[in-house]
Structures are given as structure tokens and as C-alpha cells.
2 protein chains.
Amino acid sequence: MTQEPYPHPDVSEVTLPEVLHALSDPVRLSILQALVPGQESAWSGFMVSVAPSTLSHHMKVLRNAGLITHRKEGTRCLVSLRQDLGERFPGLLDTVLRLAPVA
Amino acid sequence: MTQEPYPHPDVSEVTLPEVLHALSDPVRLSILQALVPGQESAWSGFMVSVAPSTLSHHMKVLRNAGLITHRKEGTRCLVSLRQDLGERFPGLLDTVLRLAPVA
DNA sequence: TTCGATGTTCGACGAATATCAAACAATGGC
DNA sequence: GCCATTGTTTGATATTCGTCGAACATCGAA
């Protein structure tokens, strides 16, 4: 089997509490802040001091909340902000990221 | 002792993850939706099917997140949306309430 | 003063969460 | 083919969370 893609929910299946919960963790918020809209990023730039397994866990949460696209290329992963979540919850992610602490 | 007021944090002490966590529960979201900005409400109108103790718990969470003002008048409580949280996190509550399901 | 109405506090309980280390899997380079 | 790199999965653990019922506190009314 080559890389089977990660399961990404349809944005219509995602609920608001689910998204807000995904956004309510400092580590996940840091990850999202490190993502440049419309651009894929590798994990290297996240600067988050958690174990790899923990990071992997947070990625799954963000993915299931419809916040990110998660793709595997070779041995590393490429992550990007999902644009279509803005169709479901217009302005939500923009507002949160705008207010997120710079730290 | 007459009614000692509930502790309300200063908005400067409230963190974004804390607010988002408070917003990520369906019951709390329902409560906030039932609140009319600039107007005090009693618990009667919340239409939330949880035990009184649970409701009280959610109120404390909302209060500690700086989302509501909680005042006791006689035997019942009056709750209202805190306006000054919008100074700390402009547009956040408005965006979330705009996107909250009508149910 | 006694009682009813309205919240709060206090365990308690099950479920979910965040975290880690260790084992596992897949890929690309040697 | 072998191995290092990079994530994922799997326990394990400690914590937090949402919920309830029961006991308690406070106030207003009878």
C-alpha cells in the first residue's frame, strides 16, 4: 500500500463546538499560527515542545475539526489551513488567529 | 451576610484558550444565545435541560471566562453578556454567536 | 418564624483529554 | 537490502470535564 490519505471530514459534518474545542488548546493554537494561509508547511517549523506522538495527536484533532489538510509526502507530512472551513464558519478562524497571542 | 457578589475576573486576565474552551460546550453556547446584548436575563428563559447544579457550574465557567456578568437579586440570578470582553477580544463573541446554530 | 423558591457547594462517577515512552510502519538514501 | 528519518499507534497515566443528586444557604412571602 502506498500512502493512504488521512480521513478528512466534510465541512458540513463539522460542528461549531467541535471547532471551538479544537481551537481551545494552546498547542493547537500555536500550530495554526505557524501555518501560512494557502501554503503547505512541514512540522519542522512548528516550534512546539511536545513529544512527536503528542503532536500527531493534535494533528488528528485539527484534521477532524476540519481546520487543516494533512498530506503525506515521502516521509514527512505537509499541513495547510483548510480554506473551505471558512465557507461553513465565515470569519471564525480569521478572528481567532487575529486574536491569538503572538507568543 | 447579605449577598456577596460573584468573583468576576478582569478581562485582562482572561486568555484566548480559556474563552474558546468556555465557548466550546453546546449547553454554554445555548445559554449565551439566549442572552440579549445589553439586557439582563433570568435563568428561566434558558430552556436548557440540565440539572440546576450543572447549570450553576456552567455559569461559573462563563463567568470565569469573562463572558457574562452574574448578579444576584433576591432569590434569583440575573445574567448578562459582558461588553468589555469585546475590548480584549474584538469580534470574537459576535462571530461565534453569529455562527451558532439556531437550534 | 416557618416555608417555598432559587441557586450554590460538595462528593461522586464515567468519559474525554493531554501527555509521554515504546513499539511499529512507511519512505528514501546508502 | 539495510538503515536512518519521520510519523503513527498503542498502552499508560494523571488531569480535567460534564453531569447528577443530596445537602446547604439565602431570600421573600405567608
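Bear in mind that the values here come from a model prediction, so they are computed numbers and not experimental data.
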- Message: Between B:His70 and A:His57, which residue's closest nucleotide on DNA chain C lies nearer the 5′ terminus?
- Response: B:His70
- Query: Considering only side-chain heavy atoms of B:Ala51, which listed nucleotide, D:dC20, C:dA18, D:dG7, is closest?
  - Reply: D:dC20
- For A:Leu29 and C:dA18, what is the distance between atoms CG and P respectively, to the nearest whole Å? 13 Å
Check: residues 11-21 of chain B side-chain donor-acceptor pairs under 3.5 Å, at least two apart:
{"unit_1": "B:Ser12", "atom_1": "OG", "unit_2": "B:Asp10", "atom_2": "OD1", "d": "2.8"}
{"unit_1": "B:Thr15", "atom_1": "OG1", "unit_2": "B:Glu18", "atom_2": "N", "d": "3.3"}
{"unit_1": "B:Glu18", "atom_1": "OE1", "unit_2": "B:Thr15", "atom_2": "N", "d": "3.4"}

- Using atom types as modelled and distance alone, determine if a side-chain donor or acceptor of A:Thr95 lies under 3.5 Å from a backbone N or O of A:Gly91. yes
- Gap between atoms CG and P, on B:Asn64 and D:dT16 respectively (whole Å): 15 Å
- For the side chain of A:Arg98 and the backbone of B:Pro90, is there at least one donor-acceptor N/O pair under 3.5 Å apart? yes
- Message: Rounding to an integer number of Å, can you tell me how far A:Arg63 CZ sits from D:dG7 C1'?
- Response: 11 Å
- Considering only D:dT8, C:dT8, D:dG18, which nucleotide approaches the side chain of B:Trp43 most closely? C:dT8
- Message: OP1 or OP2 of C:dC20 versus the side-chain N and O atoms of A:Thr54: is any pair under 4.0 Å?
- Response: yes
- Message: Rounded to whole Å, how long is the line connecting atom CD1 of B:Ile31 with atom C1' of D:dT19?
- Response: 13 Å
- Message: I'd like to know if A:Thr75 reaches the base of C:dA26 with its side chain such that a donor and an acceptor end up less than 3.5 angstrom apart.
- Response: no
- Query: Between A:Met59 and A:Val79, does a side chain to side chain contact (heavy atoms under 4.5 Å, CB included) hold up when you go through it step by step?
  - Reply: CA-CA 9 Å; A:Met59 286 301 163; A:Val79 186; 4.2 Å; yes
- Note on the structure: Sequence neighbours excluded, the answer for salt bridge (Lys or Arg N to Asp or Glu O under 4.0 Å) partners of B:Glu73 is B:Arg71
- Query: Of A:Gly74 and B:Ala42, whose nearest nucleotide on DNA chain C comes first from the 5' end?
  - Reply: B:Ala42
- In whole angstroms, how far is the C1' atom of C:dG7 from the CD atom of B:Glu73? 15 Å
- Expressed in angstrom and rounded to an integer, what is the separation of B:Leu55 atom CG from C:dT8 atom P? 8 Å
- Query: If you check every side-chain atom of B:Arg76, which of C:dA18, C:dG7, C:dA22 has the closest atom?
  - Reply: C:dG7
- Sugar-phosphate, base or nothing in reach of B:Val61, heavy atoms under 4.0 Å: nothing
- Which listed nucleotide (C:dT8, C:dT6, D:dT9) is nearest to the side chain of A:Lys60? D:dT9
- Does C:dT17 have OP1 or OP2 sitting under 4.0 Å from an N or O in the side chain of A:His21? yes
- Query: If Ile, Leu, Val, Met, Phe, Trp and Tyr residues are connected whenever their side-chain heavy atoms lie under 4.5 Å apart, and connections chain through other members, are B:Leu99 and A:Leu99 in the same group?
  - Reply: yes
- Task: Answer yes or no: does a side-chain N or O of A:Tyr6 lie under 4.0 Å from OP1 or OP2 of D:dT8?
- Result: yes
- Quickly work out the A:Lys72 NZ to D:dG7 C1' distance and round it to whole Å. 5 Å
- Item | Distance, rounded to the nearest Å, where B:Arg71 contributes CZ and D:dT26 contributes P | 19 Å
- Message: Does D:dT8 have OP1 or OP2 under 4.0 Å away from a side-chain N or O of A:Ser56?
- Response: yes
- Looking at D:dC20, D:dG18, C:dG7, which one has an atom nearest to any side-chain atom of B:His58? D:dG18
